[in-house]
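Model, not experiment: these values are computed from the prediction.
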Amino acid sequence: MSDKLNVPSESLPGGGLSPAATPMTGADALEFAKMRKVAQVDLKFVDLPGQWQHFTVPINQFGEDAFTEGVGFDGSSIRGFQAIQESDMLLFPDPTTATIDPFTTSVPTLSLICNVKDPISGAAYSRDPRYVAQKAEAYLKTTGIADAAFFGPEAEFFVFDGVRFDQNQYSGYYFIDSDEGVWNSGRQNDGKPNLGHRPRYKEGYFPVAPLDSLQEIRTQMTMTLIALGIDVETHHHEVATGGQCEIDMRFNTLTRMADQLLTYKYVIHNVAQRNGKTATFMPKPLFADNGSGMHVHQSLWNGDTPLFADPKGYAGLSEMARYYIGGLLQHAPALLSLTSPTTNSYRRLVPGYEAPVNLVYSQRNRSAACRIPMYSQNPKAKRAEFRCPDPLANPYLAFSAMLMAGIDGIQNKIDPGEPMDTDIFELSPEEKAKVRTVPGSLDEALEALENDHAFLLKGGVFTTDLLEVYIAYKRSREIDPVRLRPHPYEFYLYYEL
C-alpha cells in the first residue's frame with residue numbers, strides 16, 4: 001500500500017453547517033443542498049444499541065414536506081424497535097444537522113439526522129434514543145436547576161491493519177494484526193522490511209513518529225470532523241500498542257454532542273477503511289494492554305454562568321457539583337448498564353489495574369470513577385469527569401442517564417463522601433474492602449438497572465417499556481450468546497484434565 005493517505009481531497013467538503021448557527025428550516029436545508037448540487041439525501045437515525053442506520057432518497061423525491069410529514073420506513077427490522085405487526089414508522093429529518101456526507105464523493109449527498117415518530121398517533125417514538133436525549137434536556141430546564149448540560153466525551157479507539165474472527169459449532173477464534181503492534185518486533189521479512197519502531201505494551205502515550213505511526217491518519221480524521229462543523233481540540237496516540245488513538249471534541253450540549261459522537265465514529269471507521277485499515281471502538285480488543293474508555297466530562301450552566309465552580313470548595317467545585325457527583329456514584333451500578341453496555345466492557349473494568357472501577361471521586365486521581373480535572377482554575381473549566389463509560393455506549397442513552405443521575409443527586413442532596421486522593425492501590429485490604437466498585441459483568445449491571453431505575457423515569461425521560469426492551473435485548477442477544485459458547489482459553493485450562 002502507498003505511504004500516502006488514500007483519502008481524496010474532495011472528501012473534505014468544508015460544507016458542514018455551524019452547530020452554533022440559528023436553527024435551520026427544511027427550506028433552508030434544501031437551499032443548502034441546491035447550492036452544493038446535491039443529488040441524494042441520506043437519512044440517518046440510531047437504533048437501540050447505538051448504531052447509525054440509514055437509507056438514501058434521490059433529491060427529486062425529497063421535498064420540504066419530508067420535514068413536516070416524515071418519511072416512512074420499516075421499524076420491525078431495526079434492533080430494539082417495533083414488532084412485525086406494527087412495523088410502519090416515520091423519520092423526521094432535523095434540518096439543523098444538515099451536512100454534506102464526506103464519504104459519498106462520487107455523488108454529492110446531503111446527510112440528515114432524524115427523529116422517529118409513530119404514523120398513527122403522530123407522537124415521538126418512546127424507544128427513539130435521540131428523543132430520550134431531547135427529553136432529558138427539556139426535563140433539566142423544568143427542574144429549575146440549570147438551562148443546559150454540556151458533555152465532552154473522550155472516545156478512544158484502535159486502528160488495526162487487519163482482523164479475522166469467527167465462531168461456529170466447532171471453532172472459535174479472533175486474530176488481530178497491527179504493523180505497529182509490539183508483538184511484530186520479531187516478525188520475519190514478509191515482503192516488507194521490519195523497521196522495529198513500535199510502542200511497547202502500555203508505552204504508547206504521546207511518543208513522536210516513527211513510534212506513533214498514525215499521526216497522518218488521525219490528522220485526516222480530524223480535518224474531516226472539522227469540515228463537518230465539529231470543533232476538535234486535540235488528537236494523539238494512546239497508551240496501548242497496536243494503534244490505540246484518541247481525538248477529543250470540544251464539549252457541546254447533550255443531544256448535539258450525541259449527534260457529534262455518532263458522526264465521530266462514522267468518520268473514524270470510514271477514514272480508516274479508505275486507508276486500508278480497520279478501526280474499532282471495542283473497549284478491550286487486546287489482552288495485556290490498556291482498553292479503550294470514553295471518559296465523559298460534564299457540567300451544568302445557566303446561560304453563560306457555570307454552576308459547578310466555587311473557589312472555596314474541594315477542587316474548586318460547587319456544592320451542586322458535589323451533589324451531582326453523588327448522584328453519579330450512587331447510581332453508578334445501574335448507569336453502567338447504559339454507559340458500559342457490552343460483555344466486552346467488563347474485560348476493561350477489572351479491579352487491580354488502571355481501570356476506573358472504584359466508586360469514589362478525586363482531583364487528578366485517574367483510578368477513581370469520578371475525577372475533577374485540575375488543568376485550569378477558570379470557573380468555566382470546572383466539570384466532573386465520569387471515567388467508567390466506554391465508546392460502545394449509545395450516547396443518547398448514556399448521556400441522558402448520567403444527567404438524570406446527576407439531577408437526582410442535586411435534588412436529593414446525595415453526599416459523595418470524602419474524596420479519595422490517596423493511591424487506592426496502596427490501601428490495606430481492610431481499607432480497600434470499604435471502597436465500592438463497579439459491577440463485574442454486564443449481567444450484574446442489568447440487575448442493578450432493574451433494581452434502581454426510578455431516577456431515569458422522572459419527567460418521562462426514560463420509559464419502563466424502553467428499559468424492559470433494552471434489558472431483554474442485552475440478555476438475549478449478547479449475554480446468553482456469549483455465555484453459551486466455549487471460550488478458546490478454556491481449552492488451555494481444561495482440555496487435558
Side-chain angles (χ1 to χ4, degrees), residues 7-8 10-19 21-47 50-79 81-82 87-119 122 124-125 128-131 133-134 224-230 255-256 258-271 273-274 395-396:
V7 180
E10 60 265 28
S11 71
L12 298 176
L17 299 175
S18 169
T22 302
M24 293 178 57
T25 65
D28 292 331
L30 289 173
E31 180 61 27
F32 172 73
K34 183 178 179 180
M35 290 191 317
R36 300 308 298 267
K37 295 181 170 54
V38 160
Q40 301 281 321
V41 181
D42 198 56
L43 303 179
K44 296 180 173 73
F45 64 103
V46 67
D47 64 11
Q51 186 174 30
W52 255 352
Q53 310 293 318
H54 81 128
F55 61 89
T56 309
V57 180
I59 189 66
N60 63 1
Q61 301 295 318
F62 187 86
E64 195 172 345
D65 58 344
F67 294 94
T68 55
E69 299 176 18
V71 181
F73 74 102
D74 177 6
S76 68
S77 298
I78 304 302
R79 295 179 296 180
F81 276 25
Q82 295 292 85
S87 60
D88 290 354
M89 300 295 286
L90 289 172
L91 288 183
F92 281 78
D94 180 347
T96 69
T97 67
T99 56
I100 302 299
D101 192 306
F103 303 106
T104 54
T105 55
S106 61
V107 176
T109 300
L110 182 72
S111 176
L112 291 162
I113 301 174
C114 303
N115 281 69
V116 184
K117 290 188 178 182
D118 184 284
Y125 184 40
D128 175 12
R130 194 167 192 260
Y131 179 48
Q134 292 164 336
T224 305
L225 290 167
I226 292 171
L228 291 171
I230 295 175
T255 302
R256 187 63 70 203
D259 290 343
Q260 290 186 1
L261 185 57
L262 289 188
T263 303
Y264 173 96
K265 294 176 77 171
Y266 181 65
V267 167
I268 271 67
H269 281 303
N270 280 283
V271 171
Q273 181 103 352
R274 279 194 164 174
Y396 301 101

Could you check Thr97 against Arg256 for side-chain contact (heavy atoms from CB on, under 4.5 Å), going step by step and ending with a plain yes or no?
CA-CA 9 Å; Thr97 67; Arg256 187 63 70 203; 3.4 Å; yes
Where is the tightest heavy-atom contact between Pro102 and Arg274, given as atom of each residue plus distance?
O-NH1, 3.7 Å
Between Phe45 and Phe55 (judged by ring centroids, cut-off 6.0 Å), do the two rings come close enough to count as a pair?
no
To the nearest 0.5 Å, tell me how far Lys44 NZ sits from Asp259 CG.
11.5 Å
Counting only N and O atoms by type, is there a donor-acceptor contact under 3.5 Å from the side chain of Thr109 to the main-chain atoms of Val107?
yes
Once you round to the nearest 0.5 Å, how far does CG of Asp128 lie from CG of Asp118?
12.0 Å
Residues that Ala27 engages under side chain to side chain contact (heavy atoms under 4.5 Å, CB included), provided they are two or more places apart
Thr25, Glu64
Quick one, Val38 and Phe32 - any side-chain contact, counting heavy atoms below 4.5 Å?
no
For a quick test of reading the model, state the closest non-hydrogen atom pair linking Ala133 to Tyr396 and the distance between them.
CB-CD2, 3.8 Å
Kindly determine whether Trp52 and Lys265 satisfy side-chain contact (heavy atoms from CB on, under 4.5 Å), including the steps that lead there.
CA-CA 10 Å; Trp52 255 352; Lys265 294 176 77 171; over 6 Å; no
Would the number of heavy atoms belonging to other residues, nucleotides or ligands and lying under 6.0 Å from NE2 of His54 be above 12?
no
First locate atom NZ of Lys34, then atom CG of Leu110, and finally report the distance between them rounded to the nearest 0.5 Å.
14.5 Å
The ring-ring contact (aromatic ring centres under 6.0 Å, His included) partners of Tyr264 (sequence neighbours excluded) come to none
Looking at every heavy atom in both Gly50 and Leu262, which two are closest together, and how far apart are they?
O-CD2, 3.5 Å
Run the side chain to side chain donor-acceptor pair (under 3.5 Å) test on Asp101 and Tyr266 for me, step by step, so that the C-alpha distance in whole Å, both residues' side-chain angles and the decisive distance to 0.1 Å come before the verdict.
CA-CA 10 Å; Asp101 192 306; Tyr266 181 65; 2.7 Å; yes
Are Leu90 and Tyr125 packed together at the side-chain level, in the sense that at least one heavy-atom pair is separated by less than 4.5 angstrom?
no
Can you name the closest pair of heavy atoms from Pro93 and Cys114 and give their distance?
CA-SG, 3.7 Å
Heavy-atom closest pair, residues Gly75 and Phe81:
O-CB, 3.1 Å
Residues pairing under salt bridge (charged side-chain N to carboxylate O under 4.0 Å, His left out) where one sits in residues 89-98, two or more places apart or in two chains, turn out to be Asp94-Arg130
Phe62 side chain near Leu112 side chain, heavy-atom distance below 4.5 Å:
yes
Distance from Ser87 atom OG to Asp74 atom CG, nearest 0.5 Å?
4.5 Å
Side-chain contact, heavy-atom cut-off 4.5 Å: Thr104 with Gln40?
no
How about Pro95 and Asp28: do any of their side-chain heavy atoms sit closer than 4.5 Å?
no
Measure across Thr263 and Ile230 and return the closest heavy-atom pair with its distance rounded to 0.1 Å.
CG2-CD1, 3.8 Å
Are any non-hydrogen side-chain atoms of Gln82 and Val116 less than 4.5 angstrom apart?
no
Side chains of Lys117 and Asn115 in contact at under 4.5 Å (non-hydrogen atoms)
no
